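Some notes on the structure that comes next.
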Amino acid sequence: MANKRNNLEANEAFLQYEEEIANHPAYAGMPDLRHDDGTIQWEAPSNRGSGIFQFSHDKRYQWWVEKAAEIGISTDEDKWISKVAKTIHPTKLHPCKVCGRVMDIRYCYLSSNFIRRVQKLPFYDGSIEMEEITHILDFVTAFVDTYGDDAYDSLPGLLKCTQVKEFPSLPHELSSWTSWIEQSYIPKEPSMLSPGAMSNAPDRLDGFHTFNRCCRSKADKGRSKENLASYSTDRRAFENWSDGNWITANKLMGFISSNPDMKQERCANVGNGGQHPRPCSADHIGPISLGFCHRPEFQLLCTRCNSAKNNRMYFSDVCHLIEVEKSGENVVTWYANSIWQKCKGKVNDKESALRLSRVMRDNRNIAMMLLADFIGKNEYLFLFTLLNLEYADYDYEIIPGSTKISNQIVTVAFSQKASTLRYVNIQKKRKIRVAFSSLSEYAKKENRNGYTYTNSEIEALKEHAFSILSNVNDSLKEQNKALINALSDENHVDSELESFLSRVDYNMLKHTNEFVHAKELMKQIMELVAQELASNWDDPRYSRETAED
């Protein structure tokens, strides 16, 4: 039984943690462990003036002294009791009492000084979101993916501190840096990083403050931004459940934003008059907000043009994408394929390209609502198979000298090898968190401005899919429950998601008969949607004069 006396406001994850710690052999013999009714006495403050537990603090202090001797830590050492608490902690993971977020007790999270150092870098453009609850390994992964060699070169300067003044000569390889940070840097408790939970022995049974770093300054509601944290190029692709190799696409976007030669390239629209200041940014030729793939091919547009284009297509964009398709490459996400195939041939000028953009926008809205229906049925594991996570199982590097720029469209060639990176799941977890969170929020919206469409045939296909998924075997049902639990709004526990990913065979799941069948039914639904939308091509809704942008 958890401590009901002092934890009426505690998160369920913390209550469960209390019981696990109280029963763990590492804390055997802890004085005054429970009240007479069996509830845990988690806190033993030094200022108790009376009561049967008046001297619990002193008793527990002596317990920590004896534990120090047991594990070979001298009480003459500086911060000896903190060292003991960290050494004996069984998991090094600690949930916050307020919000339930699980954080590492080690020095793993960005300090305010570290964040300021990053912000002062000449090439940093704000593309990476940083908070004081961002894990250093999560940051480094996004940092080097976005800024490449500039990022690697800057890491020693960012990480240098009193505790770590010398750095090994490491290659520009993510696994080398993350391994060194994990094994050598973090254990030195560098001042550039901070722990997720501060030591507080003997006042707390486990030796740590009940509030984690996430809620230390104020008891917020625990709604974490970190679970959604990603550099901006990730987020839109994940929110739109886009197909395509998102790992190589992000690497190329990072290359364009950080490479000095790229910064000198002109805007693709330079011939249309007006000012087009450098540097340019990477523009998806087929907007992912309309259902196009997140592919490693980008058009260079100045900030003004990129912003103005928004989720529209130029006539030249449509023509280019049609040519790319002829080479055998897929340019659209599965849910947009039918409408693209039916309407791309109708585009012959600027106005009809804009019309297609609006039609595909409606198609995307209907597709998101369809996916949200599966969230409503708790079919998380099936949706999980649509995220293309297999790309994160490989390391990709841009081959030197392979950059091609034609009509201000940038492509590169990549080398590929199976990933041996221990932290490959960082990228997967980011995509899963963003995709499911955004879809859940979408499902909750009551008043959507987007076009909606259904009919009896669509509803029958949907029910058929639900029926198929409801009859999967018990093993898949258990995996579905595990994923739902890992993504629950109450917990925000990335360790659970990490554990889930370590247990599932993603390739096998993608080829599960029931999941394959359900996706085919969804494609049939989107074919019916495309028929309806294509038949309304001439509707005033999609005309230049009446459509809202």
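Just so it is clear, the model here is predicted, and its values are computed rather than measured.
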Which donor-acceptor pairs under 3.5 Å do side chains of residues 396-403 form with protein atoms, sequence neighbours excluded?
unit_1, atom_1, unit_2, atom_2, d
Tyr396, OH, Asn245, ND2, 3.3
Ser402, OG, Ile399, O, 2.6
Ser402, OG, Ala413, N, 3.0
Ser402, OG, Ala413, O, 3.4

Checklist entry - Do Gln341 and Glu527 meet the criterion of a side-chain donor-acceptor pair at a distance under 3.5 Å? => result no

Item to check | side-chain contact (heavy atoms from CB on, under 4.5 Å) partners for Asn455, two or more places apart | outcome: Tyr453, Glu457, Ile458

Item to check | Nearest non-hydrogen partners of Arg213 and Leu110, listed with the distance | outcome: NH2-O, 3.1 Å

Checklist entry - Are the charged groups of Arg278 and Glu265 less than 4.0 angstrom apart, N to O? => result no

Item to check | Ring center gap for Phe143 and Trp177 short of 6.0 angstrom | outcome: no

Checklist entry - Mind checking whether Phe384 and Phe515 have ring centres under 6.0 Å apart? => result no

Next on the checklist: Between His284 and Phe292, is the ring centroid distance below 6.0 Å?
Outcome noted: no

Next on the checklist: Using a 6.0 Å distance limit plus a 45 degree cone around the ring axis, check whether Lys309 lies over the aromatic ring of Tyr314.
Outcome noted: yes

Item to check | Salt-bridge contact Asp362-Arg541 (side-chain N to carboxylate O under 4.0 Å) | outcome: yes

Checklist entry - Ion pair present between Lys428 and Asp393, side-chain N to carboxylate O less than 4.0 angstrom? => result yes

Checklist outcome for this item: On a heavy-atom basis, the closest approach of Ala482 and Phe500 is CB-CD1, 4.0 Å

Next on the checklist: Going by side-chain contact (heavy atoms from CB on, under 4.5 Å), name the residues that satisfy it together with Lys404, two or more places apart in sequence or in a different chain.
Outcome noted: Thr411

Next on the checklist: Taking the ring centre of each residue, are Trp246 and Phe238 less than 6.0 Å apart?
Outcome noted: yes

Next on the checklist: Regarding Arg236 and Glu239, does a basic nitrogen lie under 4.0 Å from an acidic carboxylate oxygen?
Outcome noted: no

Next on the checklist: Could you check whether Tyr380 and Phe374 have their ring centres less than 6.0 Å apart?
Outcome noted: no

Checklist entry - Got more than 12 heavy atoms from elsewhere within 6.0 Å of CG, Asn407? => result no

Next on the checklist: So for atom NZ, which belongs to Lys377, do other residues, nucleotides or ligands contribute more than 12 heavy atoms lying within a distance under 6.0 Å?
Outcome noted: no

Item to check | Within 6.0 angstrom of Lys263 NZ, more than 12 heavy atoms from elsewhere | outcome: yes

